[in-house]
Amino acid sequence: MFPKNAWYVACTPQEIDGKPLGRKVCNEAIVFYRQADGSPAAVEDFCPHRGAPLSLGYVSDGKLVCGYHGLEMGCDGKTIAMPGQRVRGFPCIKSFAVLERHGFIWVWPGDKDQADPALLPALHWADDPEWAYGGGYYHVKADYRLMVDNLMDLTHETYVHSTSIGQKEIDETPCVTKVDGDHVTTSRFMSDLPEAPPFWKMALRGHGLPDDQRVDRWQVCHFTPPSHVMIEVGVALAGHGGKDAPADKKVYAVVVDFITPETETSHHYFWGMARHFKPQDPALTLAIREGQAKVFGEDLQMLERQQANISQWPERKLLMLNIDAGGMQSRRVMERVLAAEQAAAADRLAGASAAELSQ
Amino acid sequence: MFPKNAWYVACTPQEIDGKPLGRKVCNEAIVFYRQADGSPAAVEDFCPHRGAPLSLGYVSDGKLVCGYHGLEMGCDGKTIAMPGQRVRGFPCIKSFAVLERHGFIWVWPGDKDQADPALLPALHWADDPEWAYGGGYYHVKADYRLMVDNLMDLTHETYVHSTSIGQKEIDETPCVTKVDGDHVTTSRFMSDLPEAPPFWKMALRGHGLPDDQRVDRWQVCHFTPPSHVMIEVGVALAGHGGKDAPADKKVYAVVVDFITPETETSHHYFWGMARHFKPQDPALTLAIREGQAKVFGEDLQMLERQQANISQWPERKLLMLNIDAGGMQSRRVMERVLAAEQAAAADRLAGASAAELSQ
Amino acid sequence: MFPKNAWYVACTPQEIDGKPLGRKVCNEAIVFYRQADGSPAAVEDFCPHRGAPLSLGYVSDGKLVCGYHGLEMGCDGKTIAMPGQRVRGFPCIKSFAVLERHGFIWVWPGDKDQADPALLPALHWADDPEWAYGGGYYHVKADYRLMVDNLMDLTHETYVHSTSIGQKEIDETPCVTKVDGDHVTTSRFMSDLPEAPPFWKMALRGHGLPDDQRVDRWQVCHFTPPSHVMIEVGVALAGHGGKDAPADKKVYAVVVDFITPETETSHHYFWGMARHFKPQDPALTLAIREGQAKVFGEDLQMLERQQANISQWPERKLLMLNIDAGGMQSRRVMERVLAAEQAAAADRLAGASAAELSQ
């Protein structure tokens with residue numbers, strides 16, 4: 001259950017530098033590669049000749065070449081050429097709308113005609129030199145919605161990430177969830193904590209601030225469809241206004257989470273952090289990235305085992321507590337988006353039939 | 001096919017020291033842990049909040065805490081507390097009767113109300129300082145009844161364990177199987193053998209007896225429901241009365257086998273040896289344990305491949321020879337016990353309906 | 001889909017030296033071993049006693065002994081003996097026609113009565129001291145017909161084997177496919193190439209010929225049922241007659257491919273090369289074998305991923321181009337052979353019924 005008419009992060013730009021990449025997105029087996037002008041292309045990972053995966057081939061002069069018998073595939077799914085063959089009658093394979101933007105390759109796994117670049121999310125930090133970004137990728141064998149749940153309820157930090165970003169005060173502080181159209185926000189503001197947890201101590205030091213003082217801390221999780229979660233996080237020296245403290249009293253950042261369904265029970269997880277402090281410090285970027293890799297790695301086993309339990313007992317009802325409101329509201333948005341997509345598809349079908357009848 | 005209203009060995013005491021243990025018994029996914037008073041507890045391995053496995057959590061002050069969002073589960077399957085939540089309305093999960101006795105943790109995977117500690121098997125050697133016990137655990141991907149077959153017919157020792165306890169005389173000596181109620185016994189007495197096999201030579205030396213003389217040898221296998229097999233084994237210097245020889249002319253022991261179904265085609269195998277000689281010699285305990293680990297390890301591949309063959313050809317009839325009588329009779333007992341369990345369940349159901357009707 | 005009344009290569013002679021070998025051929029689980037006179041035998045890998053795989057046993061005085069309880073199995077599928085048992089009433093297991101010839105063990109997985117040694121392929125090079133043979137084995141998780149396709153169309157060498165035997169001229173030169181009864185031939189003759197590819201340069205040097213001159217090159221692929229592919233390959237110094245050049249101007253060999261179905265989607269691949277030059281040079285045999293192992297290893301991933309794609313989209317039609325004619329025609333022969341086998345089986349069944357009726 002996932003909308004297909006939406007932009008998902010498919011991969012990072014480096015993953016298609018010089019070679020094709022095979023990746024399944026929303027149950028579509030796709031091969032991604034770069035064309036001669038550097039722009040990305042995406043077609044089905046299935047050679048129309050004998051069914052070989054095109055991702056085992058190579059890219060030559062910006063054209064995707066099948067590694068089995070040399071068929072050259074076009075970015076539109078039409079075969080361009082094949083040694084010794086006339087290819088005009090070759091069947092087409094699917095092609096997909098794909099874009100490079102904000103440091104990611106984005107794919108629209110559904111109806112190509114509806115793919116509108118204007119629908120890409122705006123990431124204000126992505127092209128701003130005052131911000132720095134670092135991130136990574138995990139493959140997770142769990143329904144992508146379990147990851148949305150996970151990120152829209154940071155209570156779990158206390159338990160899953162007890163040695164890095166967790167602290168007791170998180171689950172002692174109530175969170176507030178709001179829905180504004182398709183935008184879901186879950187906020188938690190913690191005031192005057194005795195100290196920051198280890199990850200934030202490192203960030204404070206990185207920003208030239210003391211790491212042994214009382215702090216205010218905040219987490220504001222933003223869900224937008226299809227499944228993007230951006231979390232404003234930060235700590236400020238206590239008593240300076242928290243999230244609104246002046247820049248030299250706080251460290252803050254955006255935790256970036258692009259969650260791309262692979263199948264019904266697995267997803268691609270692109271995680272990272274965009275920070276507003278010391279953007280020119282690549283060693284800090286690396287240190288934060290390593291810290292995050294460890295933190296997000298701690299979630300994987302929990303989510304995969306949770307998925308296994310849910311798959312085994314599909315009929316068991318799960319609880320929906322106040323801390324789950326962020327995930328719940330996000331799921332409602334996803335369901336609404338999907339229902340709209342299905343209704344539109346039915347309408348187009350009906351329209352097509354009517355057009356046929358009127359001829 | 002296994003009775004569920006019975007005591008099975010779930011784990012060893014050490015497996016739940018300081019941390020929960022997730023283990024499936026008779027198709028029930030269970031988490032085992034120790035309470036504050038040290039007594040074991042067992043509940044479903046499924047957090048009622050979001051389905052996370054509780055065995056990924058931890059034990060704090062004898063309470064089981066979910067590792068995802070900190071829910072505290074009680075030993076009765078009722079949630080005790082959860083940070084920031086009222087838990088009274090939370091759905092219960094199953095809890096199981098569980099006991100620590102004789103050096104093992106025992107679980108009753110069926111109806112908790114019927115769990116009677118008096119039904120635990122008596123293990124005379126378990127708390128007797130004149131005896132010593134050592135053992136281990138294997139996970140086996142085979143129907144637990146194949147292991148009962150294996151242990152109730154020791155003919156296979158000649159072939160599977162040819163370098164340790166096997167010897168040609170075993171399958172040359174007929175065995176005798178007797179049934180007494182639910183107790184099945186298969187006995188084999190071998191007289192005046194030229195020598196003992198390697199494992200028993202080690203035991204003779206360990207007991208201060210010569211290892212190069214003619215011996216009498218015996219194996220008396222006892223099956224009791226649900227699936228426990230105890231084997232009296234020993235060798236005596238020849239001509240002193242065999243099993244009835246005086247203590248200084250023989251070495252003897254009990255091979256202990258607790259066979260706990262996991263699923264229809266896999267089981268937990270707790271094996272060990274309780275011996276009556278040199279009980280205060282921990283090095284000997286270790287040496288015997290290592291020898292047994294090797295011996296029982298030799299059975300695993302055979303049983304797992306046998307299971308694979310049987311799963312592939314479920315319709316093929318297997319032979320029931322005289323040497324198979326022990327396993328056959330044990331299976332009949334298991335079937336009778338299971339039928340009684342099912343009949344009792346039907347009776348209770350009918351009784352409940354009648355009670356309803358009479359209101 | 002594979003004919004079963006045919007000779008397939010089951011294994012190499014060394015694989016059954018001193019021990020039984022369990023291998024599935026055409027969906028039949030078979031254990032192969034050597035009898036006392038050295039001749040091979042093949043029976044079902046299923047002990048009639050308790051279903052243990054006989055291949056876990058051992059061979060004693062040329063008799064196959066079950067490793068579980070010592071049952072001795074005869075080469076005809078009848079139990080010979082078992083310790084302490086009368087075996088006359090034991091059920092038979094299947095036995096299979098099996099032969100050692102030309103350096104291979106051959107099995108006829110179908111009706112034993114129809115197995116005719118005269119139907120074994122003649123391999124002129126196998127027992128000729130002027131030829132040398134070296135080869136190896138791969139297990140491939142793909143329909144065996146994909147391997148036939150692969151070998152009856154060497155266009156793929158340009159792409160899959162670009163660093164060893166591939167060269168651009170291969171797919172620029174059309175191939176010609178001919179069918180003569182059950183024998184399919186695909187030929188490609190390349191004239192006056194600027195140079196030989198790396199593998200053939202090594203062969204030229206091995207034969208004492210220069211490796212930096214213009215060459216003629218040829219590939220003549222022969223398919224014969226059930227699934228054998230022999231490929232005459234070679235290069236000659238340009239201008240001496242190509243394939244017909246005198247022996248001191250060319251190097252040539254036969255690429256030997258025995259493709260034995262295991263299941264519908266996996267096969268055993270016995271590959272090798274029989275060469276006519278320097279037959280007494282075992283170091284050259286080894287060097288060629290290593291080269292081939294690398295070359296054929298390159299095909300495996302492609303075929304296994306191609307199979308995965310085909311299994312996922314079974315309804316998608318594949319193209320049949322001129323370069324695919326060799327594989328296509330070979331598949332037609334296989335279909336014809338299979339249809340004849342099924343018709344004959346139906347006839348025998350009808351005949352048996354008629355005979356019954358007439359009694």
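Chain letters run A, B, ... following the sequence lines, proteins first and then strands; every chain starts at 1.
Heavy-atom pairs under 4.5 Å with chain A peak, among C:Asn322, C:Thr173, C:Ile310, at C:Asn322.
Between A:Ile93 and C:Arg316, some side-chain heavy-atom pair lies under the 4.5 Å cut-off.
Interatomic distance, CG of C:Leu321 versus CG of A:Leu71, reported as 8.5 Å (0.5 Å rounding).
Within 6.0 Å of atom NZ in C:Lys178, 12 or fewer heavy atoms from other residues, nucleotides or ligands are found, so the atom counts as exposed in its surroundings. In this structure, A:Lys112 places its NZ atom where more than 12 heavy-atom neighbours from other residues, nucleotides or ligands lie under 6.0 Å away. Atom NZ of C:Lys201 has more than 12 heavy atoms from other residues, nucleotides or ligands within 6.0 Å. Counting non-hydrogen atoms of neighbouring residues, nucleotides and ligands closer than 6.0 angstrom, the CG atom of A:Asp347 exceeds 12 such neighbours.
For chain A, the nearby parts of C:Gln301 are the backbone and the side chain; heavy atoms of each come within less than 4.5 Å.
Residues of residues 38-56 of chain A lying within less than 4.5 angstrom of chain C, judged on heavy atoms, are A:Glu44, A:Asp45, A:Phe46, A:Pro48, A:His49, A:Arg50, A:Gly51, A:Ala52, A:Pro53, A:Ser55, A:Leu56 in numerical order.
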- request: Check step by step if side chain to side chain contact (heavy atoms under 4.5 Å, CB included) holds for A:Gln85 and C:Ile323.
  value: CA-CA 9 Å; A:Gln85 308 295 333; C:Ile323 58 167; 3.5 Å; yes
**Prompt:** Going through the distances and angles, do C:Leu303 and A:Tyr68 end up as a side chain to side chain contact (heavy atoms under 4.5 Å, CB included)?
**Reply:** CA-CA 9 Å; C:Leu303 263 64; A:Tyr68 202 176; 3.4 Å; yes
